[in-house]
Number of protein chains: 2
Amino acid sequence: MSSKVVTIKEIAKRLNISISTVSRALHDHPSIGLRTKKNVQQLAKELHYEPNQTAIFFQQRKTFTIGVILPQLAESFFSTAISGIEDYASLHNYTVLLAQSYDDETKERQIIETMKHHRVDGILISISKNTSQYDHFESLKKINIPVVFFDRIPKMNNIHYVACNMQTGTSEAVDFLLKKGHRAVGMINGPETLLCSQDRVTGYIHAMRKNRLKYDPSLIISTDLTPESVEDAIDQLLSSRRKTSAIVTFNDYVALDAMQYLKKLKLKINKDIQVVSYANFPLTQFLENAPLASVEQYPYLQGQKAMETLLELIAKKKDDEEGNNTAYFKIILDSKLVISKKN
Amino acid sequence: MSSKVVTIKEIAKRLNISISTVSRALHDHPSIGLRTKKNVQQLAKELHYEPNQTAIFFQQRKTFTIGVILPQLAESFFSTAISGIEDYASLHNYTVLLAQSYDDETKERQIIETMKHHRVDGILISISKNTSQYDHFESLKKINIPVVFFDRIPKMNNIHYVACNMQTGTSEAVDFLLKKGHRAVGMINGPETLLCSQDRVTGYIHAMRKNRLKYDPSLIISTDLTPESVEDAIDQLLSSRRKTSAIVTFNDYVALDAMQYLKKLKLKINKDIQVVSYANFPLTQFLENAPLASVEQYPYLQGQKAMETLLELIAKKKDDEEGNNTAYFKIILDSKLVISKKN
DNA sequence: CTAAAATACGCAACCGTTTGCATTTTAATT
DNA sequence: AATTAAAATGCAAACGGTTGCGTATTTTAG
């Protein structure tokens with residue numbers, strides 16, 4: 001068996017030349033003679049030489065690996081986002097170390113610890129919705145590991161992030177419904193702690209103002225996104241003295257739960273009550289009664305952009321090793337209302 | 001700024017002791033005196049010492065990293081599977097390096113090359129449906145990197161794998177339809193090259209035999225899973241002289257495409273024609289006309305099991321460094337028909 | 001009080017590669 | 001043929017940690 005892994009040392013010995021010559025030959029270094037270069041490269045191929053990246057990582061203090069932390073892969077938004085991340089990374093010869101926080105702050109901290117030890121070149125993270133302290137992110141800054149936040153952004157200053165501006169899309173969504181003649185547009189929103197929930201409210205108000213309508217706060221209801229709280233929200237909306245005839249839901253999961261409940265209440269979707277949502281799942285197009293429209297958040301693009309700016313930061317790191325404080329990237333994609341083809 | 005990364009060397013110098021003592025102290029080595037141990041550990045904490053894993057990986061010839069290769073994350077099956085993988089891995093202090101092959105053999109090869117260089121401790125892979133040559137897998141064996149295949153298994157001998165036995169589920173599915181009175185049950189199958197496609201056929205035949213019915217091969221149609229080929233398949237089934245009144249589709253994506261097309265043909269789903277599928281997407285329950293039943297393939301469990309056996313292999317590697325040929329793990333979970341709640 | 005045993009620590013090699021600098025070889029010039 | 005410039009190669013340190021083995025120091029036992 002044996003199958004000893006071959007190293008440049010081995011090659012050097014066989015060719016009776018020095019290790020450094022082998023190393024340079026393999027890198028096409030100009031100072032190596034053509035003949036030896038050929039010899040080395042050929043023998044390397046014959047012996048199936050494979051560079052030991054762990055040695056190189058160690059030596060170069062660079063791993064060409066970036067850590068990605070997100071709440072959970074099973075959620076469609078995140079699995080598409082990481083798809084964009086991975087694609088962009090592999091295009092630039094970077095590799096992705098993956099971990100899920102499951103919205104658990106403790107786990108999030110552990111993961112960051114692990115990634116620090118692995119000496120990843122950078123981190124991409126969509127934070128847990130339960131994270132309240134941010135010192136573990138600060139610690140990364142201290143040891144000079146660049147971080148780019150995406151989608152779920154902490155309320156910190158001086159960070160890089162890419163996110164989707166939910167105002168524009170929301171505004172479009174509400175406007176869309178108002179134009180259709182609805183006067184009481186309900187909103188089933190997410191936790192108030194999330195920035196993107198607030199954005200939605202702002203967008204809502206903006207659309208009302210634009211249409212010269214009065215804004216009724218009781219039509220916007222915060223939930224924790226569980227089916228139960230969604231049902232509560234619907235009960236509230238329907239029992240309101242105003243005739244809610246349309247609902248904007250926080251995302252497609254919420255929309256599905258909502259529509260299921262509405263059906264149970266014997267309300268006809270998109271007839272008695274119309275629904276507009278966020279996320280634009282590919283699967284919703286197969287629904288009998290899909291939301292009329294959905295605000296697209298471009299998860300793939302977000303992932304890609306995030307990776308792109310991270311690589312930029314990594315490249316820049318060399319320039320300004322001495323804290324040559326660069327500006328902070330705040331990349332905001334506009335969300336956009338996509339009207340279902342069926343309508 | 002500076003923020004020099006602290007090493008054990010630094011600690012040693014400050015405490016005026018040797019590097020090796022520091023190393024051992026940090027590892028609670030018994031031969032280190034209690035006093036020095038305390039000193040070292042305290043100073044390490046004060047200086048925020050973080051072990052440089054890249055150095056350790058290199059030194060120990062072990063990375064505690066396993067590579068995961070799958071066709072694409074965006075597919076629900078795979079994102080759930082990797083969830084299981086990652087959970088189990090992180091539980092055992094392993095880390096996951098992720099890559100998508102997009103069903104492209106060339107990309108698959110490149111990824112394997114990269115992972116070899118990264119010296120991952122093992123690889124988990126669900127192969128691309130277009131992969132026809134298997135030598136890149138053989139090469140892994142040569143350099144002693146254990147591989148566990150899951151879900152999509154190549155037709156090779158002497159490999160470890162975990163998969164779902166599609167026969168049982170398929171058999172149950174067909175049986176379910178036959179019991180409902182259907183006599184011509186069509187099947188929209190996947191590529192013949194995939195083992196799991198063959199399994200489905202076997203399961204189909206098994207159910208027919210069990211019900212003492214004759215098996216008509218023309219009712220089983222292979223596709224490449226694209227919407228077009230699915231539509232072709234349906235055309236074929238419907239134009240058959242036999243009245244196809246039920247269809248078993250390769251998976252839920254296919255089912256959705258199929259049902260959409262059937263609707264276009266003005267056929268009433270689950271009335272004119274009944275559909276049973278595989279995968280059991282959480283989302284299908286929201287469909288107006290969901291498949292009557294679905295064969296559950298336990299992606300999370302598969303991922304977990306795969307990771308489990310991989311770790312076992314890695315552990316074993318130490319034992320039999322000299323090709324002490326161990327047996328091959330062939331772990332087969334039974335698939336199971338899940339009947340939709342709505343029925 | 002001394003020899004032996006136990007305890008605590010240091011030395012140095014090693015893991016595989018890269019790279020600045022010194023050294024040798026070759027080629028060009030006079 | 002001697003001198004010099006240019007081209008090719010080698011030496012050795014460094015990256016940060018682990019570990020076998022040797023040594024100094026202390027403890028224990030006789």
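To find a chain, count down the sequence lines: A is the first, B the second, and so on, and within it residues start at 1.
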Protein-nucleotide distance ([X], atom [atom1]; [N], atom [atom2]), rounded to Å:
X	N	atom1	atom2	result
A:Lys13	D:dG10	NZ	P	15 Å
A:His117	D:dG16	NE2	P	15 Å
A:Phe58	D:dT18	CZ	C1'	11 Å
A:Glu10	C:dT17	CD	C1'	16 Å
A:Gln60	C:dG16	CD	C1'	12 Å
B:Ile8	D:dT19	CD1	P	11 Å
A:Phe64	C:dT18	CZ	P	12 Å
A:Lys9	D:dC11	NZ	C1'	14 Å

- prompt: How are the rings of A:Phe329 and A:His160 set relative to one another: parallel (under 30°), tilted (30 to 60°) or perpendicular (over 60°)?
  reply: tilted

message: Please classify the nucleic acid contact of B:Tyr49 as base, sugar-phosphate, or nothing, using heavy-atom distances under 4.0 Å.
response: sugar-phosphate

- request: At under 4.0 Å between heavy atoms, which parts of nucleotides 7-13 of chain C does protein reach? Answer with one letter per nucleotide, 5' to 3': B base, S sugar-phosphate only, - none.
  value: -BBBBB-

- request: Take atom NZ of B:Lys141 as the centre, draw a 6.0 Å sphere, and report whether it contains more than 12 heavy atoms from other residues, nucleotides or ligands.
  value: yes

Ring-ring centroid check B:Phe149 B:Phe137, cutoff 6.0 Å: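 B:Phe149 vs B:Phe137: aromatic centres under 6.0 Å.
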
query: Strictly under 6.0 Å, is that where the ring centroids of B:His118 and A:Phe64 end up?
result: no

Could you grab the distance from atom [atom1] of [X] to atom [atom2] of [Y], nearest 0.5 Å is fine?
X	Y	atom1	atom2	value
B:Leu310	B:Ile145	CG	CD1	10.5 Å
A:Gln302	A:Met307	CD	CE	15.5 Å
A:Ile331	A:Leu333	CD1	CG	7.5 Å

- request: Report yes if a side-chain nitrogen or oxygen of A:Gln59 is closer than 4.0 Å to either non-bridging phosphate oxygen (OP1 or OP2) of C:dC15; otherwise report no.
  value: no

- request: Decide yes or no on salt bridge (Lys or Arg N to Asp or Glu O under 4.0 Å) for A:Arg14 and A:Glu10, but give the supporting numbers first.
  value: CA-CA 6 Å; A:Arg14 295 214 193 193; A:Glu10 172 72 11; 2.9 Å; yes

Ring-face cation of A:Lys45 near A:Tyr49 (centre distance under 6.0 Å, axis angle within 45°):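 No.
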
message: As a test of reading the structure: which of C:dT19, D:dT19, C:dC15 is closest to the side chain of B:Ser23, going by heavy atoms?
response: D:dT19

message: Counting only side-chain heavy atoms from C-beta out, which of D:dG16, D:dG17, C:dG16 sits nearest to A:Ala55?
response: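 For A:Ala55, the side-chain atoms sit closest to C:dG16.
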
- request: Kindly calculate the angle separating the two end axes of the helix from C:dC1-D:dG30 to C:dT30-D:dA1, each obtained from five base pairs, and round it to 10 degrees.
  value: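 It works out to 50° between the end axes.
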
